[in-house]
Number of protein chains: 2
Amino acid sequence: MSFISTRSRYGLRFLIELSKRRNEGPVDLGSIAEDQAIPETYLAKLVVPLRNAGIIRSARGAKGGYELSRSPDDITVLEVVEVLEGRSSLLECTERPELCARSADCPTLPIWTGLEKAVHDYLKGVSVSDAAAPRAPDYAI
Amino acid sequence: MSFISTRSRYGLRFLIELSKRRNEGPVDLGSIAEDQAIPETYLAKLVVPLRNAGIIRSARGAKGGYELSRSPDDITVLEVVEVLEGRSSLLECTERPELCARSADCPTLPIWTGLEKAVHDYLKGVSVSDAAAPRAPDYAI
DNA sequence: TCTATTGATACTATACTGGTCCGGTTAGGA
DNA sequence: TCCTAACCGGACCAGTATAGTATCAATAGA
Ligand code: SF4
Ligand code: SF4
């Protein structure tokens with residue numbers, strides 16, 4: 001059970017919280033960790049790749065914290081998952097067929113490739129602002 | 001990287017091979033393991049849940065082996081993955097929301113639920129016989 | 001300068017993945 | 001009958017990933 005691990009789940013909840021507290025200036029990690037019941041030291045590590053990816057920006061020092069560096073409409077869940085899981089695929093061989101000697105005529109590869117695409121398309125269609133909406137009906141169907 | 005682990009990949013390739021060798025009578029594990037380059041002792045373990053699920057049947061003794069117990073059209077890849085991964089979901093909380101205290105008003109849960117559904121629908125739409133087809137164009141798009 | 005807050009590493013405990021090994025059981029065939 | 005091909009079941013194992021902790025340094029506001 002690892003494609004959507006706590007990394008993505010915590011991370012997405014963190015971003016939603018940031019999107020709710022836009023225009024408060026930088027929000028400190030501790031307050032989000034607390035009200036989302038996420039271990040602060042663990043969340044602190046998830047924040048690094050998000051910053052590197054340009055999704056959030058940070059301010060150090062007292063009164064520092066994090067804020068979204070883009071509109072939540074422009075942050076897709078796909079991007080968040082890719083950044084936090086370190087990969088975008090459920091399978092190595094769909095992205096790097098050269099890793100498997102059998103890939104050239106593997107009958108199952110097209111199936112997995114299709115599955116990847118289904119996942120990609122879905123996640124690409126949902127943004128952080130969709131997620132932040134109180135009851136978002138569309139993507140749940 | 002584990003939702004589609006070697007279990008599903010090996011298992012599906014095994015079933016495809018069985019579907020190709022239908023009407024040969026029981027096929028012994030060793031010969032499939034060899035030509036699919038799957039460790040025989042490992043494959044031997046994957047075969048147990050497939051039998052328990054009624055996907056294949058086994059014959060013991062000399063000249064024994066395995067054969068599909070249903071038409072390959074009636075075996076969906078979804079079923080194979082569920083049986084071999086021991087679960088159908090990428091996330092626990094979508095199936096058992098009671099595991100998470102926050103599930104009642106978790107803003108991200110509908111997203112993951114929607115993702116599960118996308119995955120389910122896709123995998124349900126592909127059967128072992130589709131997979132066995134030499135170049136199956138439909139589901140790869 | 002004091003203090004709140006991020007930044008960067010290093011460490012750990014647990015579980016999962018992908019195997020191997022081995023002794024036992026069943027049944028076809030010489 | 002007895003040999004042997006094949007399945008059956010379980011213990012075991014090394015490597016890696018996940019989830020989390022701990023420590024200390026850097027920075028900026030009051
Ligand atoms: S055999 Fe097919 S599914 Fe398995 S790793 Fe190779 S290409 Fe991928
Ligand atoms: S917080 Fe939401 S996504 Fe995370 S486990 Fe609970 S219900 Fe699932």
Side-chain angles (χ1 to χ4, degrees), chain A residues 1-11 13-14 18 21 24-34 36-53 55-67 69 81 84-87 89-93 99-100, chain B residues 1-14 18 21 24-34 36-52 55-67 69 81 84-87 89-93 99-100:
Chain A
M1 177 105 25
S2 84
F3 179 62
I4 302 295
S5 69
T6 56
R7 296 177 62 88
S8 295
R9 301 205 303 276
Y10 288 171
R13 280 161 58 200
F14 171 73
L18 281 190
R21 302 207 205 163
E24 284 184 26
V27 182
D28 79 287
L29 204 65
S31 72
I32 294 186
E34 187 176 12
Q36 290 291 316
I38 298 171
E40 183 176 350
T41 50
Y42 188 54
L43 186 54
K45 295 201 317 187
L46 303 185
V47 125
V48 177
L50 291 173
R51 174 167 38 80
N52 293 340
I55 294 174
I56 59 176
R57 83 173 76 92
S58 61
R60 295 173 71 142
K63 291 282 179 180
Y66 299 90
E67 52 192 335
S69 53
V81 170
L84 288 174
E85 304 293 346
R87 64 195 130 86
S89 59
L90 290 77
L91 244 70
E92 282 288 322
C93 62
L99 293 179
C100 175
Chain B
M1 179 103 26
S2 82
F3 178 63
I4 302 296
S5 68
T6 55
R7 296 176 62 87
S8 295
R9 301 206 303 276
Y10 288 171
L12 185 55
R13 281 162 55 202
F14 171 73
L18 281 190
R21 303 208 206 162
E24 284 183 26
V27 181
D28 79 286
L29 203 65
S31 72
I32 294 188
E34 187 177 11
Q36 290 291 316
I38 297 171
E40 183 175 350
T41 50
Y42 189 54
L43 185 55
K45 294 202 318 189
L46 303 184
V47 125
V48 178
L50 291 173
R51 172 166 41 79
N52 293 340
I55 294 175
I56 58 176
R57 83 173 77 90
S58 61
R60 297 174 68 142
K63 289 280 178 183
Y66 299 91
E67 51 192 337
S69 54
V81 170
L84 288 175
E85 305 293 346
R87 65 193 128 87
S89 59
L90 291 77
L91 244 70
E92 282 289 322
C93 62
L99 293 179
C100 174

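Note on naming: letters A, B, ... go to the chains in the order of the sequence lines (proteins, then strands), and numbering restarts at 1 for each one.
For P39(B), whose side chain is taken as the heavy atoms from C-beta onward, the closest listed nucleotide among dT20(C), dT21(D), dA19(D) is dT20(C). Closest contact between the side chain of K63(B) and the listed nucleotides dG28(C), dA22(D), dG19(C) involves dG28(C). Listed nucleotides dG7(C), dG18(C), dA19(D) differ in distance to V47(A); the shortest reach to its side chain belongs to dG7(C). Relative to the side chain of A62(A), the nucleotides dT20(C), dT27(D), dA4(C) differ in distance, and dA4(C) lies closest. Checked against dG7(C), dG28(C), dC7(D), the side chain of L29(B) finds its nearest nucleotide in dC7(D). Across dA19(D), dA26(D), dT26(C), the shortest atom-to-atom separation from the side chain of Y42(A) is found for dA19(D).
For R57(B) and E67(B), the salt-bridge test passes: some basic side-chain N is under 4.0 Å from an acidic carboxylate O.
Heavy-atom nearest nucleotides on DNA chain D were determined for T6(A) and for R60(B), and the one closer to the 5' end corresponds to R60(B). Each of R51(A) and K45(A) was matched to the nucleotide of DNA chain C holding its nearest heavy atom; the match closer to the 5' end belongs to R51(A).
I32(A) places its CD1 atom 12 Å from the P atom of dT5(C), with the value rounded to the nearest Å. With rounding to whole Å, R9(B) atom CZ is found 14 Å from dG19(C) atom C1'. The CG-P distance, from L50(B) to dC8(D), rounds to 12 Å in whole Å. In this structure, Y66(B) places its OH atom 8 Å from C1' of dC8(D), rounding to the nearest Å. Protein atom CG of L46(B) is 14 Å distant from nucleotide atom P of dC7(D), rounded to whole Å. The CD1-C1' distance, from I56(A) to dG7(C), rounds to 12 Å in whole Å. E40(B) places its CD atom 16 Å from the C1' atom of dG18(C), with the value rounded to the nearest Å. The distance from atom CG of N52(B) to atom C1' of dC8(D) is 11 Å, rounded to the nearest whole Å.
Distance alone, capped at 3.5 Å, places no donor-acceptor pair between the S58(B) side chain and the Y66(B) backbone. With hydrogens and angles ignored, the 3.5 Å screen pairs no side-chain donor or acceptor of R51(B) with any backbone N or O of I56(B). With hydrogens and angles disregarded, no donor-acceptor distance shorter than 3.5 Å links the side chain of R7(B) to the backbone of L46(B).
Using a 4.0 Å heavy-atom distance criterion, A44(B) is classed as making no nucleic acid contact. Within 4.0 Å of G65(B), counting heavy atoms only, lie sugar-phosphate atoms of the nucleic acid but no base atom.
The phosphate of dT20(C) (OP1 or OP2) has a side-chain N or O of T41(B) nearer than 4.0 angstrom. Under 4.0 angstrom from either OP1 or OP2 of dG20(D) there lies at least one side-chain N or O belonging to Y10(A). Checking the phosphate oxygens (OP1, OP2) of dA6(D), no side-chain nitrogen or oxygen of S58(B) falls inside 4.0 Å.
Between the OH atom in Y42(B) and the OG1 atom in T6(B) there is a gap of 3.0 Å [rounded to 0.5 Å].
Residue Q36(B) qualifies as enclosed at atom CD: its count of foreign heavy atoms under 6.0 Å is above 12.
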